[in-house]
Amino acid sequence: MLALADFSTHLIAWQRVHGRHDLPWQNTRDPYWIWLSEIMLQQTQVSTVIPYYARFLARFPDVNALAAAPLDDVMALWAGLGYYSRARNLHRCAQAVSAEYGGHFPQTVDELAELPGIGRSTAAAIASFAFGARATILDGNVKRVLARVFGIEGFPGEKRVENTMWTLAESLLPDAAHKDDVTAYTQGLMDLGATLCVRGKPDCARCPFAVDCVANVTGRQRELPAARPKKTVPTRKTWMLVLKSGDTVLLEKRPPTGIWGGLWSLPEAADEAALVAVAHSFGGADALQRLSPLTHTFTHFKLDIEPRLGESRGRLIQAADAETVWAPLADIDSFGLPAPVRKLLNALQGSLI
DNA sequence: CAATCGTGGAA
DNA sequence: TTTCCAAGATT
């Protein structure tokens, strides 16, 4: 039987030898670097984050630079990474740190968790990595490790199960005598879940907890943690307008909340007739050319996109209640666009010019 | 508190 | 091809 006190000891020893030590956000105690990585890594894989992280730091080298930047610039660098409330909260958080803390991140979990976009687990990760605080994280990696090693039943997304895991995770922290090891411990939790205790085929032979792990001993690796309850994802349909004027295309800024909030995108309508009316209001002809439809899958719904191509002569802007712009196709990469819209326009740029 | 909020990798 | 979901937070 694995004594709770032994968990952190074994994990720390394992991390120092077998854990990851060369990720771009490691080997620093700069809370800005660490905070940025933690936000980008929320629900996002390491390999996806790395190129975004490098570009972001090059453009915004410190929290004050980020705070002073227009939100639009932040969104443009975040475009393609998904979950855009993270980018909006990131900007708000930078402004709060700059204005309320003189550009220095607070060091306690409670203060960190009050900042926009920083929840309980992210606050603990920042406090642990940047300030060596004895703080408990509970991300997807930890939930998977705990569910397997300790045989925690139930879907971790369920509140009751998550509360159980928080309590267990708190009890596993290294004690005050090993406070200097909390960084290795926190990193070890993530490393174990990300490199050995993976979802598909966990490498139990290399795991320091193999002989004690409930899932391994009982052969239930595939059943723990319990899968998310299945739901049928609804399908929505939208018509998108690619209205050109010379070498520019009409873009609209999306509202600050909701799907793709704060990004630039193509004008949309609920049916083809409504889209023709939109095109007409911007100087487009009545006839729109049909383009190949595309499907975009979100976590909670599927979107069927019917693109239509039109040409506008006058670059007419109707009432400017929505932010609109004629974007040069050559500069299209400088706009924060949703992934499928970027793909659509990039494909068009190749075929039309 | 369950729903909302992206995208791409992996099996 | 389909399914699942990844260093979660917010409402």
J.: For A/Arg222 and C/dT3, give me the distance from atom CZ to atom C1', rounded to whole Å.
T.: 14 Å

J.: OP1 or OP2 of C/dC5 less than 4.0 angstrom from a side-chain nitrogen or oxygen of A/Lys231, does that happen here?
T.: no

J.: Which class fits the ring pair A/Phe105 and A/Trp35: parallel under 30°, tilted 30 to 60°, perpendicular over 60°?
T.: tilted

J.: Select base, sugar-phosphate, or nothing to describe what A/Lys302 touches, counting heavy atoms under 4.0 Å on all strands.
T.: nothing

J.: Return no unless some side-chain N or O of A/Ser37 is found under 4.0 Å from OP1 or OP2 of C/dA7.
T.: no

J.: Starting the side chain at C-beta, find the nucleotide from C/dG8, C/dA7, B/dG8 nearest to A/Lys343.
T.: B/dG8

J.: Rounded to the Å, how far apart are A/Tyr52 OH and C/dA7 P?
T.: 18 Å

J.: Please give the distance between the C1' atoms of B/dG8 and C/dT10 as a whole number of Å.
T.: 23 Å

J.: Of A/Arg206, A/Arg16, A/Arg20, which is the lone residue that meets salt bridge (charged side-chain N to carboxylate O under 4.0 Å, His left out) with A/Asp191?
T.: A/Arg20

J.: If only side-chain N and O atoms of A/His300 are considered, is one of them under 4.0 Å from the OP1 or OP2 phosphate oxygen of B/dC5?
T.: yes

J.: Select base, sugar-phosphate, or nothing to describe what A/Thr299 touches, counting heavy atoms under 4.0 Å on all strands.
T.: base

J.: CZ of A/Phe301 versus C1' of B/dG6: gap in Å, rounded?
T.: 9 Å

J.: When you get a sec, tell me which of C/dA7, B/dC5, C/dA6 is the closest nucleotide to the side chain of A/Gln45?
T.: C/dA6

J.: When we call it a touch if two heavy atoms are under 4.0 Å apart, what does A/Pro340 touch: a base, just sugar-phosphate, or nothing?
T.: sugar-phosphate

J.: One thing to verify: whether A/Arg313 and A/Glu311 come together as a salt bridge, which I'm taking to mean a side-chain N less than 4.0 angstrom from a carboxylate O.
T.: no

J.: Determine the contact category for A/Leu90: base if any of its heavy atoms lies under 4.0 Å from a base atom, sugar-phosphate if only primed atoms, P, OP1 or OP2 are that close, otherwise nothing.
T.: nothing

J.: How is A/Ala339 classified with respect to the nucleic acid when contacts are heavy atoms under 4.0 Å: base, sugar-phosphate, or nothing?
T.: sugar-phosphate

J.: Tell me what A/Trp25 touches on the nucleic acid: a base, only sugar-phosphate, or nothing, going by heavy atoms under 4.0 Å.
T.: base

J.: Describe the nucleic acid contact of A/Gly80 in one word from base, sugar-phosphate, nothing, applying a heavy-atom distance below 4.0 Å.
T.: sugar-phosphate

J.: Just checking A/Leu81: base, sugar-phosphate only, or nothing, at a heavy-atom cut-off of under 4.0 Å?
T.: base

J.: Is A/Thr44 touching bases, backbone alone, or none of the nucleic acid, heavy atoms closer than 4.0 Å?
T.: base

J.: Roughly, in whole Å, what's the span from OH in A/Tyr84 to P in C/dA9?
T.: 19 Å

J.: Hey, is A/Asp333 close enough to A/Arg342 for a salt bridge, meaning N to O under 4.0 Å?
T.: yes

J.: Among the candidates B/dC5, B/dT7, C/dA7, find the nucleotide nearest to the side-chain atoms of A/Arg144.
T.: C/dA7

J.: Which one, C/dA7, B/dT7, C/dA6, comes nearest to the side chain of A/Arg199?
T.: C/dA6

J.: Do A/Arg290 and A/Glu272 sit within salt-bridge range, that is, some charged N less than 4.0 Å from a carboxylate O?
T.: no

J.: Could you report the tightest heavy-atom contact between A/Thr299 and A/Val233, atom names first, then the distance?
T.: O-CG1, 4.0 Å

J.: At under 4.0 Å, does any side-chain N or O of A/Trp78 touch on OP1 or OP2 of B/dG6?
T.: no

J.: By the 4.0 Å heavy-atom rule, please label A/Arg228 as base, sugar-phosphate, or nothing.
T.: sugar-phosphate

J.: Given atom CD of A/Gln42 and atom P of C/dG8, what is their separation to the nearest angstrom?
T.: 7 Å

J.: I want to confirm an ordering. Mapping A/His296 and A/Lys201 to their closest nucleotides on DNA chain B, which one lands closer to the 5' end?
T.: A/His296

J.: At 4.0 Å (heavy atoms only), tell me whether A/Lys230 reaches a base, stays on the sugar-phosphate, or touches nothing.
T.: sugar-phosphate

J.: Hey, does A/Gly200 reach any base, or is it just sugar-phosphate, or nothing, if we go heavy atoms under 4.0 Å?
T.: nothing

J.: Mapping A/Thr48 and A/Arg88 onto DNA chain B by nearest heavy atom, which one lands closer to the 5' end?
T.: A/Arg88

J.: Could you check how far CE of A/Met40 sits from C1' of C/dA7, rounded to whole Å?
T.: 13 Å

J.: So what does A/Thr297 touch, heavy atoms closer than 4.0 Å: a base, only the sugar-phosphate, or nothing?
T.: base

J.: Apply the ring pair (Phe, Tyr, Trp, His ring centres under 6.0 Å) test between A/Trp260 and each candidate in A/Phe298, A/Tyr83, A/Trp78, A/Tyr84; give the one that qualifies.
T.: A/Phe298

J.: Reckon A/Gly258 touches a base, only the sugar-phosphate, or nothing at all at heavy-atom distances under 4.0 Å?
T.: sugar-phosphate

J.: Please give, in whole Å, the distance from C/dG8 C1' to A/Asp139 CG?
T.: 9 Å

J.: Does A/Gln43 place a side-chain N or O at less than 4.0 Å from the phosphate oxygens OP1/OP2 of C/dG8?
T.: yes

